[in-house]
Asks: 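Have a look at the structure that comes next, please.
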Number of protein chains: 2
Amino acid sequence: MNSDYSQKCGIPEFQHSITGKWKITIIWALSIKTLRFGELHRQITGITQSTLTKQLRELETDQIITRYVYRQVPPKVEYSLTNKGKTLIPILKELNNWSIKELS
Amino acid sequence: MNSDYSQKCGIPEFQHSITGKWKITIIWALSIKTLRFGELHRQITGITQSTLTKQLRELETDQIITRYVYRQVPPKVEYSLTNKGKTLIPILKELNNWSIKELS
DNA sequence: CGGTATCCGCGGGGATACTG
DNA sequence: CAGTATCCCCGCGGATACCG
């Protein structure tokens, strides 16, 4: 164990931010543009409404995304990446590159 | 969803490599030097023998580490990072940096 | 439309005992 | 020393039903 890591390792925190069956997919979708709940639900095939809600709440708690409610009927809710969330994108791209490189 | 990601995203694969309560810790320990089973067990406080074994087997399957058995009594088994495993280190350092930066 | 509430099944990880 | 074998618990995610 060397100094940097043992004294304060942030990796578990990072992992928490993206751990969840659909979080990466959600983050990626929102990296393109802000989306409504229903739009996310349609884009992410296979996820249930309740699970989508749970994952969104967790991402919100971790301040990766924001939730904006339009006070109207019928309801309209928009999700978008926070600045913190946006800093994840280049990291995710690197992880993706690593996988592509190491799988060959 | 843009091209790179939707066509072939390697992030789930990456996640699999490091998903497990102790894998990052194990990888980090082995990044310093090759270690015997008992040495790992002593360095990683809180992990049980059986769990350590399981995590090591998974890392081995994913070709992140190698296992070398000395044919002797008492047994001696050494674990070390593969080349693939070593390429993870710079990535992990970046993840660590991200966390440190974004937690402030 | 965008949720909640509830129940349930599965798998990861821990505890413990035993072993070549 | 370095495991294996069992058993168990808990939390995540899915299914389903209902709601303002």
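In what follows, chains carry the letters A, B, and so on, assigned in the order in which the sequence lines appear, proteins first and then strands, with residues in each chain numbered from 1. Since the model is a prediction, treat every value here as computed from it, not as a measurement. We use all heavy atoms of the structure for the numbers below, so side chains are in, but hydrogens, waters and symmetry mates are not.
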Asks: Using nucleotides 1-5 of chain D, report all nitrogen or oxygen pairs with the protein that are shorter than 3.5 Å.
Replies:
| unit_1 | atom_1 | unit_2 | atom_2 | d |
| --- | --- | --- | --- | --- |
| dC1(D) | O3' | R36(B) | NH2 | 3.1 |
| dC1(D) | O3' | P75(B) | O | 3.3 |
| dA2(D) | OP1 | R36(B) | NE | 2.9 |
| dA2(D) | OP1 | R36(B) | NH2 | 3.0 |
| dA2(D) | OP1 | V77(B) | N | 3.4 |
| dA2(D) | OP2 | G38(B) | N | 2.8 |
| dA2(D) | N7 | Q49(B) | NE2 | 3.3 |
| dG3(D) | OP1 | R57(B) | NH2 | 3.1 |
| dG3(D) | OP1 | R67(B) | NE | 3.2 |
| dG3(D) | OP1 | R67(B) | NH2 | 2.4 |
| dG3(D) | OP2 | Y79(B) | OH | 2.7 |
| dG3(D) | N7 | Q49(B) | OE1 | 2.7 |
| dG3(D) | O6 | Q49(B) | OE1 | 3.1 |

Asks: How is the hydrophobic cluster of Y70(B) composed, in terms of its other members, when Ile, Leu, Val, Met, Phe, Trp and Tyr link through side-chain heavy atoms under 4.5 Å apart, directly or indirectly?
Replies: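 Result for Y70(B) is Y68(B).
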
Asks: Please tabulate, for the side chains in residues 9-18 of chain B, all donor-acceptor contacts under 3.5 angstrom to protein atoms that are two or more places apart in sequence or on a different chain.
Replies:
| unit_1 | atom_1 | unit_2 | atom_2 | d |
| --- | --- | --- | --- | --- |
| Q15(B) | NE2 | I18(A) | O | 3.1 |
| H16(B) | ND1 | D62(B) | OD2 | 3.1 |
| S17(B) | OG | E13(B) | O | 3.2 |

Asks: Can you name the side-chain hydrogen bond (donor to acceptor under 3.5 Å, both in side chains) partners of T53(A), sequence neighbours left out?
Replies: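 Listed in chain order: nothing, the list is empty.
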
Asks: Contact boundaries of DNA chain C with chain B (under 4.0 Å, heavy atoms), 5' to 3'?
Replies: dG13(C) to dG20(C)

Asks: Please enumerate all residues that pass side chain to side chain contact (heavy atoms under 4.5 Å, CB included) together with V73(B), with sequence neighbours excluded.
Replies: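 Side chain to side chain contact (heavy atoms under 4.5 Å, CB included) list for V73(B), sorted by chain: empty.
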
Asks: Scan for salt bridge (Lys or Arg N to Asp or Glu O under 4.0 Å) pairs involving residues 69-88 of chain B, sequence neighbours excluded, and state none if there are none.
Replies: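 Listed by first then second residue: nothing to list.
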
Asks: Evaluate the side-chain proximity of I26(B) to Y79(B): yes if any heavy-atom separation is below 4.5 Å, no if none is.
Replies: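 Side-chain contact under 4.5 Å: no.
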
Asks: Have a look at the helix from dC1(C)-dG20(D) to dG20(C)-dC1(D) and give the angle its two end axes make, five pairs each, rounded to 10 degrees.
Replies: 50°

Asks: Only pairs at least two apart or in different chains count here, so list each salt bridge (Lys or Arg N to Asp or Glu O under 4.0 Å) that has a residue in residues 17-26 of chain A.
Replies: K23(A)-E58(A)

Asks: Taking side chain to side chain contact (heavy atoms under 4.5 Å, CB included) as the test, write out the residues that go with T87(B), two or more places apart.
Replies: W98(A), E102(A)

Asks: If the condition is side-chain hydrogen bond (donor to acceptor under 3.5 Å, both in side chains), which residues does W22(B) pass it with, not counting sequence neighbours?
Replies: none

Asks: Regarding T66(A) and S80(A), do their side chains bring together a donor and an acceptor under 3.5 Å, going by distance alone?
Replies: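 Present: a donor and an acceptor within the cut-off.
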
Asks: Hey, what are the protein-to-nucleotides 11-13 of chain D N/O distances that come in under 3.5 Å?
Replies:
| unit_1 | atom_1 | unit_2 | atom_2 | d |
| --- | --- | --- | --- | --- |
| dG13(D) | OP1 | K21(A) | N | 2.8 |
| dG13(D) | OP2 | Q55(A) | NE2 | 2.8 |

